[in-house]
Amino acid sequence: MSSEDRLEEALSAYNTKISNLERLGDSDELLEAYINRGTVLMMMEFFTAAESDFEEAVESILIRERKDIPVDLGLFIRAYENRGQLSCDVDNPRMLEDYKRIIERLPELRNGTRYFTTKDIVIMCINCAEDLLDCQYGEYAIPFLDKALEVLKGKHDAWAENRFMDVCGIKAEALKTMRRFDESIGMYDDAIKIGERLLYEGNIDDPYLLTLCYMYRGDVYDALRDDENALKDHIDACGSLEEMVNNGASENKKLLTDLCQDIASRLMDMGRIEQAEKYLLKGMRYGLPEMEEAIGALGIPRPDDEDDGFY
């Protein structure tokens, strides 16, 4: 049976279940059925219908709260998480309001809550934090990231350590948007430290994330006007990305060339012309016309393709 057939079968089963449960009145079982059918509809990309189910789930939660009836934590979070995910838009404040409702109950959330293992908690927190950052609500991403770090504490398997690196990097970015630059650098330090070890051990999930951490920490040093550390981090990002491009792990030659040009510009501003020329030439080797133009403007001859002396 194909995945599409399985989704159709699940949808049919939930349609029948909800029809039967609605005749019996409100219940946890009906609330859960709305959430599960909405999830199936979302997977089938029937977003309007999915949103309607999550609206029903949230309305059920609000009615219970008005009556001082306890609401199961797992059902509460799933309802607001899924409705918020469908509202992820910088011009739609409902996503923020839905995620703020989750923040209210994050301290209660733990492994074994309905729907949530430790991994589920971490993934949910990362997803919500990324949505909030994308929509420029960085300060509200922090509680989700702190929760993820809390549940990852003391876990040293490869999956947990890779997620720890992810969360530290995302938190660093959130802190940067809040102009808390020293704290941002501290989080990037933690992400880079574990990322370098995972890379050395061959356990890193995505080396590109380590490249981005170097680059973004360099941007924070820029904001602090620490030119030397900014340059060092961008050189490390360039070296990391160049290795990935050369071994076929990345095709992002545009970013590599931009980094080369950025580093060359920084070096020229520092009066280190010979080093600047090497980065301009290195960028040109990746074949982007804008680098040839930049080098031509400096009057530097194009290197022979077999000349690797500038590496």
Side-chain angles (χ1 to χ4, degrees), residues 3 39 43 73-74 77-78 81-82 85 99 102 106-134 138 141-176 183-220 232-252 255-256 259:
S3 58
T39 302
M43 292 172 67
L73 178 60
I77 290 178
R78 280 288 302 277
E81 177 194 3
N82 287 334
Q85 186 179 18
Y99 286 175
I102 298 174
L106 272 180
E108 303 171 52
L109 183 60
R110 56 183 51 83
N111 181 36
T113 298
R114 188 192 306 222
Y115 294 126
F116 288 98
T117 64
T118 295
K119 288 186 176 183
D120 295 321
I121 294 171
V122 172
I123 292 167
M124 182 274 290
C125 287
I126 288 175
N127 289 341
C128 290
E130 288 181 331
D131 286 348
L132 288 161
L133 267 177
D134 288 345
I142 299 295
F144 288 102
L145 299 166
D146 285 344
K147 184 67 179 184
L149 291 173
E150 173 194 316
V151 301
L152 287 168
K153 185 177 181 180
K155 294 178 172 56
H156 301 293
D157 59 280
W159 185 92
E161 292 193 327
N162 273 280
R163 300 297 76 73
F164 182 87
M165 176 189 169
D166 294 344
V167 173
C168 287
I170 299 166
K171 185 173 180 180
E173 185 66 15
L175 291 165
K176 182 175 73 174
E183 294 172 80
S184 177
I185 286 172
M187 294 309 301
Y188 277 128
D189 289 346
D190 290 344
I192 288 168
K193 181 179 179 181
I194 195 166
E196 287 176 339
R197 179 170 60 77
L198 288 168
L199 182 66
Y200 176 78
E201 294 170 349
N203 290 327
I204 195 165
D205 287 350
D206 185 358
Y208 187 61
L209 294 179
L210 180 58
T211 298
L212 293 178
C213 284
Y214 288 131
M215 188 171 72
Y216 293 152
R217 187 176 67 178
D219 293 343
V220 180
K232 180 182 181 303
D233 273 347
H234 282 219
I235 287 174
D236 285 343
C238 183
S240 173
L241 182 56
E242 184 179 14
E243 182 176 349
M244 285 190 287
V245 168
N246 288 341
N247 66 25
S250 173
E251 297 182 357
N252 199 345
L255 177 58
L256 178 55
L259 279 167

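Note that the numbering runs from 1 along the sequence shown for the chain. The structure presented is a predicted model; accordingly, all values stated were derived computationally and were not measured.
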So, [X] side chain and [Y] main chain: donor-acceptor pair closer than 3.5 Å or not?
X	Y	result
R217	M215	no
N162	D205	yes
D120	T117	yes
K147	L106	yes
K176	D219	no
T113	R110	yes

Open item on the list: Would you say that more than 12 heavy atoms from the other residues, nucleotides or ligands in this model lie under 6.0 Å from the CE of M43, or not?
Closed with: no
Open item on the list: Please determine whether the number of non-hydrogen atoms from other residues, nucleotides or ligands lying under 6.0 Å from atom CD of E251 exceeds 12.
Closed with: no
Distance from [X] atom [atom1] to [Y] atom [atom2], nearest 0.5 Å?
X	Y	atom1	atom2	value
R197	L210	CZ	CG	12.5 Å
T211	L241	OG1	CG	5.5 Å
D236	C213	CG	SG	12.0 Å
I121	L109	CD1	CG	4.0 Å
F116	I123	CZ	CD1	10.5 Å
N82	M124	CG	CE	11.0 Å

- [ ] Show the numbers, then the answer: is there a side chain to side chain contact (heavy atoms under 4.5 Å, CB included) between V122 and W159?
- [x] CA-CA 11 Å; V122 172; W159 185 92; 4.0 Å; yes
I need the minimum non-hydrogen distance between [X] and [Y], along with the two atoms involved.
X	Y	result
G74	Y115	O-CD1, 3.7 Å
D233	G218	OD2-N, 3.5 Å
V167	A148	CG2-CB, 3.9 Å
C168	L149	SG-CD2, 4.1 Å
K155	T118	CE-CG2, 3.8 Å
A174	L145	CB-CD1, 4.4 Å

TODO: Run the numbers on Y99 and I102 for side chain to side chain contact (heavy atoms under 4.5 Å, CB included), then give the verdict.
DONE: CA-CA 5 Å; Y99 286 175; I102 298 174; 4.0 Å; yes
TODO: Determine, step by step, whether Y208 and N252 satisfy the side chain to side chain contact (heavy atoms under 4.5 Å, CB included) criterion, reporting the C-alpha distance in whole Å, the side-chain angles of both residues, the deciding distance to 0.1 Å, and the verdict.
DONE: CA-CA 10 Å; Y208 187 61; N252 199 345; 3.1 Å; yes
Answer yes or no: is there a side-chain heavy-atom contact under 4.5 Å between [X] and [Y]?
X	Y	answer
R114	L73	no
I185	L175	no
M165	I204	yes
L198	E161	yes

Task: Cationic N near anionic O, under 4.0 Å, D189 to K193 - done: no
Task: Salt bridge E150-K153, side-chain N to carboxylate O under 4.0 Å - done: no
Task: Parallel, tilted or perpendicular: ring planes of Y188 versus Y216, cut at 30 and 60 degrees - done: tilted
- [ ] Go through L133 and E173 one step at a time and tell me if the side chain to side chain contact (heavy atoms under 4.5 Å, CB included) criterion holds.
- [x] CA-CA 8 Å; L133 267 177; E173 185 66 15; 4.2 Å; yes
